[in-house]
Amino acid sequence: AQSVSQHNHHVILSEAASLELGCNYSYGGTVNLFWYVQYPGQHLQLLLKYFSGDPLVKGIKGFEAEFIKSKFSFNLRKPSVQWSDTAEYFCAVRDDYKLSFGAGTTVTVRA
Amino acid sequence: GAGVSQTPSNKVTEKGKYVELRCDPISGHTALYWYRQSLGQGPEFLIYFQGTGAADDSGLPNDRFFAVRPEGSVSTLKIQRTERGDSAVYLCASSPQRGGGFETQYFGPGTRLLVL
């Protein structure tokens, strides 16, 4: 079964700073990759997904992620964060029909 | 449209009691999943339904856990003889019928279970 590793447990940064969250999955082949976000008091929402094609994926709210097959990675980026990006971010890989999630990264953006 | 709904939003029970957690998926979604999220962890897979049948229950931790989906829509996760270690947020997700394997799972708000 797939496993997912997220490198940072908690990231604190100031508004307008750039954000990059690391995500690695355990083995190759055809993979479907996801980033979900959980804002305070809200449920998990899909931020973006990769199924095939262009390895640079654009998501909602200015987020993007790059799939690098040779590195088994799917890192999430945003050039300039806002206070409203404070949330917990989860990387996930689809293992047949089920999702395997990383432990999550809490992002705190200071105004 | 309406998303996945789960009830109750919070449940406090005593060790040894029986609990039922309900999930109402997005209308028309034939696939339904249950996950469990412990504090500081990502969600972990419990069980997957395609229609009325449990296609994979390999994530259920032991035989105290059971889930049903009798009419292919609403699902109930049942936990017998609850233990303190069962305390977690139980998440439900649904997705459209499998077609090419490219479904996205949509999550509900979860039920926060606390076993005292």
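The shown structure was predicted, so the numbers you read here are calculated from the model rather than taken from an experiment. In what follows, chains carry the letters A, B, and so on, assigned in the order in which the sequence lines appear, proteins first and then strands, with residues in each chain numbered from 1.
- Applying the 6.0 Å contact sphere to CG of B:Leu39 captures no more than 12 heavy atoms from other residues, nucleotides or ligands.
- Residue contact with chain B, scored on non-hydrogen atoms closer than 4.5 Å, involves the side chain of A:Gln38 exclusively.
- With rounding to the nearest 0.5 angstrom, the NE2 atom of A:His43 is 11.0 Å from the OG atom of B:Ser5.
- Of the two parts of B:Gln37, only the side chain, counted from C-beta on, holds a non-hydrogen atom closer than 4.5 Å to a non-hydrogen atom of chain A.
- Under the 4.5 Å side-chain criterion, counting only non-hydrogen atoms from C-beta, B:Thr104 is in contact with A:Phe51.
- Two different hydrophobic clusters hold B:Ile47 and B:Leu91 under the rule that ILVMFWY side chains link at heavy-atom gaps under 4.5 Å.
- Both A:Leu76 and A:Phe67 are members of a single hydrophobic cluster when ILVMFWY side chains are connected at heavy-atom separations under 4.5 Å.
- Cluster membership check: B:Val74 does not share its hydrophobic cluster with B:Leu46, using side-chain heavy-atom separations under 4.5 Å among Ile, Leu, Val, Met, Phe, Trp and Tyr.
- Residues from residues 105-116 of chain B that place a non-hydrogen atom less than 4.5 Å from a non-hydrogen atom of chain A comprise B:Gln105, B:Phe107, B:Gly108, B:Pro109, given in numerical order.
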Distance-only check: which donor-acceptor pairs under 3.5 Å involve side-chain atoms of residues 75-85 of chain B, not counting sequence neighbours?
unit_1, atom_1, unit_2, atom_2, d
B:Ser75, OG, B:Trp34, NE1, 3.0
B:Ser75, OG, B:Val68, O, 2.9
B:Thr82, OG1, B:Glu14, O, 3.2
B:Thr82, OG1, B:Lys17, N, 3.3
B:Thr82, OG1, B:Lys17, O, 3.0

Dump the intermediate steps for side-chain contact (heavy atoms from CB on, under 4.5 Å) on B:Phe45 and A:Phe101, then the final yes or no.
CA-CA 9 Å; B:Phe45 170 78; A:Phe101 285 86; over 6 Å; no
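- B:Tyr48 and B:Leu32 fall into different hydrophobic clusters, where Ile, Leu, Val, Met, Phe, Trp and Tyr side chains are chained together by heavy-atom contacts under 4.5 Å.
- If you measure heavy-atom distances from A:Leu99 to chain B, the contacts under 4.5 Å come from both the backbone and the side chain.
- The hydrophobic clustering, which links ILVMFWY residues whose side-chain heavy atoms are closer than 4.5 Å, places A:Leu48 and A:Leu19 together.
- Of all residues spanning residues 53-66 of chain B, those with a heavy atom less than 4.5 Å away from chain A's heavy atoms are B:Asp56, B:Ser58, arranged by number.
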Only pairs under 3.5 Å count here: list side-chain donor-acceptor contacts from residues 7-14 of chain A, not counting sequence neighbours, and write none if there are none.
unit_1, atom_1, unit_2, atom_2, d
A:His7, NE2, A:Asn24, OD1, 2.6
A:His10, NE2, A:Thr108, OG1, 2.9

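- Under the 4.5 Å side-chain criterion, counting only non-hydrogen atoms from C-beta, A:Tyr97 is not in contact with B:Ser95.
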